[in-house]
Amino acid sequence: MSVEQHHFIHDEIARDLAHGANEGRVHTRFPPEPNGYLHIGHAKSICVNFGLAKHYNGKCNLRFDDTNPSKEEQEYVDSIQADVRWLGFEWDALYYASDFFEQLYQYGEHLIQHGNAYVCDLSVDQISEYRGWLDRPGKESPYRTRSVEENLDLFRRMRAGEFADGTKTLRAKIDMASPNPNLRDPVLYRIMRAHHHRTGDAWCIYPMYDFAHGQCDALEGITHSICTLEFEIHKPLYNWLIQNLPVPHHPRQIEMARLQLTYTVLSKRKLLELVKSGTVDGWDDPRMPTISGIRRRGYTPEALRAFCDHIGVARATSTIERVVLENAIRDDLNKRATRTMAVLDPIKVTIENIAAGHVEWLDAVNNPEDPSAGTRKIALTRTVYIERDDFREEAPKKYFRLAPGKEVRLRYAYCITCKEVKKDAEGRVVELVCTYDPQTGHGQTPDGRKVKGILHWVSAEQCVDVPVRLYDHLFAVEHPDDVPEGVDWKTNLNPQSLVVTSAKVEASLQAAAAGTHWQFERVGYFYVDPKDSRPQAPVFLRTTTLKDTWAKLEKRED
RNA sequence: UUCCCCGUGGUGUAAUCGGUAGCACAACAGGUUUUGGUCCUGUUAGUUCUGGUUCGAGUCCAGCCGGGGAAACCA
């Protein structure tokens, strides 16, 4: 599954290389703003940027786009670095846009001196009004004709803190009639007295994204500046600045479509809202599409990288089906997860022809995909538990699990036949009385009869109860963002996205270490929560279910 | 409404210079299997449409239709 795919950015880079651009270098960067936790969409960007660098024997930097101190925090800086490393990548250089604040300021003066920027006294509302509309040109600011000397003086005094927040901006002097609104004298600097997580109170003016991003790319020697489609309209400005500034290098911006996934939202604003409102249990809630949430859910970096390789890179907007992500982790865990048996919703089964107190130890395979994982002993006793869903009083067509008079195999043990069904006063099945055939060990039947149903089970005397959390999609619909006017997207939340329950498991699981992956046979993959587990007290989180052909068949019948 | 970008099976993504539309997931059918898991085999299904250029068009051109983006002192 993990095969690097060819995509259009390779073509672009190959063309540049063929023309001898950038001395044959390929240098990318991953430029997050530290204003939230990274999500799976960022994972795609990380894989593309670091992957390209690796493919061309180039470099990839990590750069924090920290130009807006009102939203950015150290907590996010730390989590982002941890996430990138967990994904399996190491940056060549670490930068912050704030490392370049002085240089950026000098570039601002350079633009002024060349008549390419001016200090504007218009208010936010006025700037917006003067900008015009999509189909209507803007009009020039009355401050557009200030002299170089006056602009320089004003810009220096802006830096010196002589003006109140929001009273002045530095704007590029480009074209108020441009069909691209980004070229209608965009704001380059604003006055904002906010404490910056790195530069403290050294600055009261901060560069805008457009003024910082391209110049940082240039200063870092980035050759290919990969971003998402919504920045495409910024490219003319990106290039204008590069051309009008004495930057050491000319990087090239290339846009790709951002990742969209069904059954989730991927906007930082909405994810932040889920966290702040307590809808989920923090950024690393296993239902969150954040890298930290996915990690805590029990996904592996290998699976996430395989997913990113698999989905491809293109310019067409598209939405990836959720199962693609799920298949990526199934594929990985199938090879590495140790098998065990666990019953989530038990029915007691009494095997009449096993004496009370008798224990037979049977061999069970730990991982059929990995012989080196070896075998373990499991205890068969007179009473065992099976899954409630593995018994029906009236078996539908093609149901080959247990039913009155029917025979099934207990995994790694013998075949049993259901002789009697005991119910409580409400008619709920409380116990099945069965007999086993001692001739049916080791997968054999002496007469060659076919016993198709195989059930997982645990010994009632040799099992332990452990807490289990069953996770499902956070949203009940494929496209949670698709809501009519005035309807809150949160109405699409899935009320069943978390079911807290317990399971009866093989006794050895009491010692399961935090951060280990298990397959509960016939049920799903589970991860021992690194956060809430304690020694001898593991908490099992369901990473994903196993594919369930029977459930699909049964659903189709309806 | 204006400008820009994008349209390949249900989904995602390939197709060198214009030369047999391929892969994966899903769906469906079957085989293997002490997990209705895994694995294996097969089937269904596609170039939005209309013209044009060409011996030949997914690819080039025009138009239409459809989708997305853009009007922060956010990134």
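Throughout, a chain's letter reflects where its sequence line sits, starting with A, and its residues are numbered from 1.
Closest to the side chain of A:H6, from the set B:C73, B:A14, B:U33, is B:A14. Side-chain atoms of A:K71 lie closest to B:A72 of the nucleotides B:A72, B:G37, B:G36. Checking B:G37, B:U33, B:U34 against every side-chain atom of A:I454, the shortest atom distance belongs to B:U34. The nucleotide whose nearest atom lies closest to any side-chain atom of A:P368 is, among B:G37, B:A75, B:C4, B:G37. Nearest nucleotide to the A:D331 side chain, out of B:G68, B:C39, B:A70: B:C39. Among the nucleotides B:U34, B:G36, B:C74, the one closest to the side chain of A:M208 is B:C74. Side chain of A:D135, nearest nucleotide from B:U1, B:U34, B:G67: B:U1. If you check B:A14, B:G37, B:C73 against the side chain of A:V187, the one that comes closest is B:C73.
Residue-level contact check: A:I320 touches the backbone only, with heavy atoms under 4.0 Å from sugar-phosphate atoms and none from bases. Within the nucleic acid shown, A:T67 comes within 4.0 Å of sugar-phosphate atoms alone, with no base atom in reach, counting heavy atoms only. Across all strands shown, A:H7 has heavy atoms under 4.0 Å from sugar-phosphate atoms exclusively, and none from any base. Here A:V313 lies in heavy-atom contact (under 4.0 Å) with sugar-phosphate atoms only. When heavy atoms are screened at a 4.0 angstrom cut-off, A:S178 is found touching no nucleic acid atom at all. Among the atoms of the strands shown, base atoms are found under 4.0 Å from some heavy atom of A:Y399. Backbone-only contact: A:S318 has heavy atoms under 4.0 Å from sugar-phosphate atoms and none from a base. Contact annotation for A:R409: base contact, defined as any heavy-atom pair under 4.0 Å involving a base atom. A:Y189 comes within 4.0 angstrom of no nucleic acid atom, judged by non-hydrogen atoms across all strands. Base engagement by A:K452 is indicated by at least one non-hydrogen atom pair under 4.0 Å involving a base atom. Residue A:I127 is in base contact, counting any heavy-atom pair closer than 4.0 Å across all strands shown. No engagement by A:Y206 is indicated, since no non-hydrogen atom pair under 4.0 Å with the nucleic acid exists. A:R339 comes within 4.0 angstrom of a base, heavy atoms only. Heavy atoms of A:R411 sit under 4.0 angstrom from at least one base atom.
A distance-only check finds a donor-acceptor pair linking the side chain of A:H39 to the backbone of A:L266 [under 3.5 Å]. The closest donor-acceptor contact from the side chain of A:D331 to the backbone of A:A303 lies at 3.5 Å or more, if one exists at all. A donor-acceptor distance shorter than 3.5 angstrom exists from the side chain of A:T290 to the backbone of A:W283, with no hydrogens or angles considered. Remark: the backbone N or O of A:A364 is not paired with any side-chain donor or acceptor of A:R411 at under 3.5 angstrom. Of the possible donor and acceptor atoms, one in the side chain of A:R29 sits under 3.5 Å from a partner among the backbone N and O of A:I226. Although no hydrogens or angles enter the test, the distance criterion places a donor-acceptor pair under 3.5 Å between the side chain of A:Y206 and the main chain of A:A194.
Atom CD1 in A:I311 sits roughly 17 Å away from atom P in B:U11 (whole-Å rounding). Here B:A72 presents its P atom at 15 Å from CG of A:D185, a figure rounded to the nearest Å. The distance between atom CG of A:N182 and atom P of B:C73, rounded to the nearest whole Å, is 11 Å. Rounded to whole Å, atom C1' of B:U11 lies 12 Å from atom OH of A:Y263. Between the P atom of B:C73 and the CZ atom of A:R184 lies a distance of 13 Å, rounded to the nearest Å. Straight-line distance from the CZ atom of A:R193 to the C1' atom of B:C73: 14 Å, rounded to whole Å. Rounded to whole angstrom, the span from the CG atom of A:L333 across to the P atom of B:C39 amounts to 14 Å.
Here A:T317 does not reach the OP1 or OP2 of B:C5: none of its side-chain N or O atoms lies under 4.0 Å away. Between A:R190 and B:A75, a side-chain N or O to OP1/OP2 separation shorter than 4.0 Å is present. In terms of phosphate contacts, A:R522 brings no side-chain nitrogen or oxygen within less than 4.0 Å of OP1 or OP2 of B:G37.
The C1' atoms of B:C17 and B:U13 are separated by 23 Å, rounded to the nearest whole Å. Nucleotides B:A14 and B:A57 have their P atoms positioned 24 Å apart, rounded to a whole Å. Between B:U59 and B:G68, the two C1' atoms lie 23 Å apart (nearest whole Å).
In this model, no donor atom of one side chain and acceptor atom of the other lie less than 3.5 Å apart for A:E326 and A:Y525. Side-chain contact of A:Q253 with A:E255: a donor-acceptor pair under 3.5 Å is present, judged by distance alone. There is no side-chain donor-acceptor pair under 3.5 Å between A:E72 and A:Y96.
Between the base of B:U35 and the side chain of A:Q519 there is a donor-acceptor pair shorter than 3.5 Å. Applying the 3.5 Å distance criterion, the base of B:G37 shares no donor-acceptor pair with the side chain of A:R330. Residue side chain A:E369 reaches the base of B:G37 through a donor-acceptor N/O pair under 3.5 Å, judged by distance alone.
With the nearest nucleotide of RNA chain B identified for both A:E521 and A:R136, A:R136 has the one nearer the 5' end. Summary of the strand contacts: A:N334 and A:S123 both lie near RNA chain B, and taking for each the nucleotide with the nearest heavy atom, the more 5' one is attributed to A:N334.
Ring to ring, A:F231 and A:H213 are not that close: their centroids are 6.0 angstrom or more apart.
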List, one per line, each side-chain donor-acceptor pair under 3.5 Å for residues 440-453 of chain A, sequence neighbours excluded.
from	atom 1	to	atom 2	distance (Å)
A:T440	OG1	A:C415	N	2.9
A:T440	OG1	A:D437	O	2.5
A:Q444	NE2	A:H442	O	3.2
A:T445	OG1	A:R449	N	3.3
A:T445	OG1	A:R449	O	2.9
A:D447	OD1	A:R449	N	3.2
A:D447	OD1	A:R449	NH1	3.1
A:D447	OD2	A:R449	NH1	3.2
A:R449	NE	A:E407	OE1	2.9
A:R449	NH2	A:E407	OE2	2.7
A:R449	NH2	A:D437	OD2	2.9

> What do the steps show when you test A:R542 against A:D472 for salt bridge (Lys or Arg N to Asp or Glu O under 4.0 Å), and what is the final call?
Replying inline: CA-CA 9 Å; A:R542 184 171 70 192; A:D472 197 355; 5.4 Å; no

Grab the N/O contacts between the protein and nucleotides 25-27 of chain B below 3.5 Å, and write none if there aren't any.
from	atom 1	to	atom 2	distance (Å)
B:C25	O3'	A:N327	ND2	2.9
B:A26	OP1	A:N327	ND2	3.4
B:A26	OP1	A:K547	NZ	2.9
B:A27	OP1	A:K552	NZ	3.1

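Residue ring and base: A:W550 counts as stacked with B:G36 (centre distance below 5.5 Å, interplanar angle below 30°).
Taking 4.5 Å as the limit, some side-chain heavy atom of A:P186 sits within range of a side-chain heavy atom of A:L237.
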> Can you give the dot-bracket line for RNA chain B, where a pair is Watson-Crick or G-U wobble with both atom distances under 3.5 Å, crossing pairs use [ ], and | marks a partner on another strand?
Replying inline: .((((((..((((.....[..)))).(((((.......))))).....((((..]....)))).)))))).....

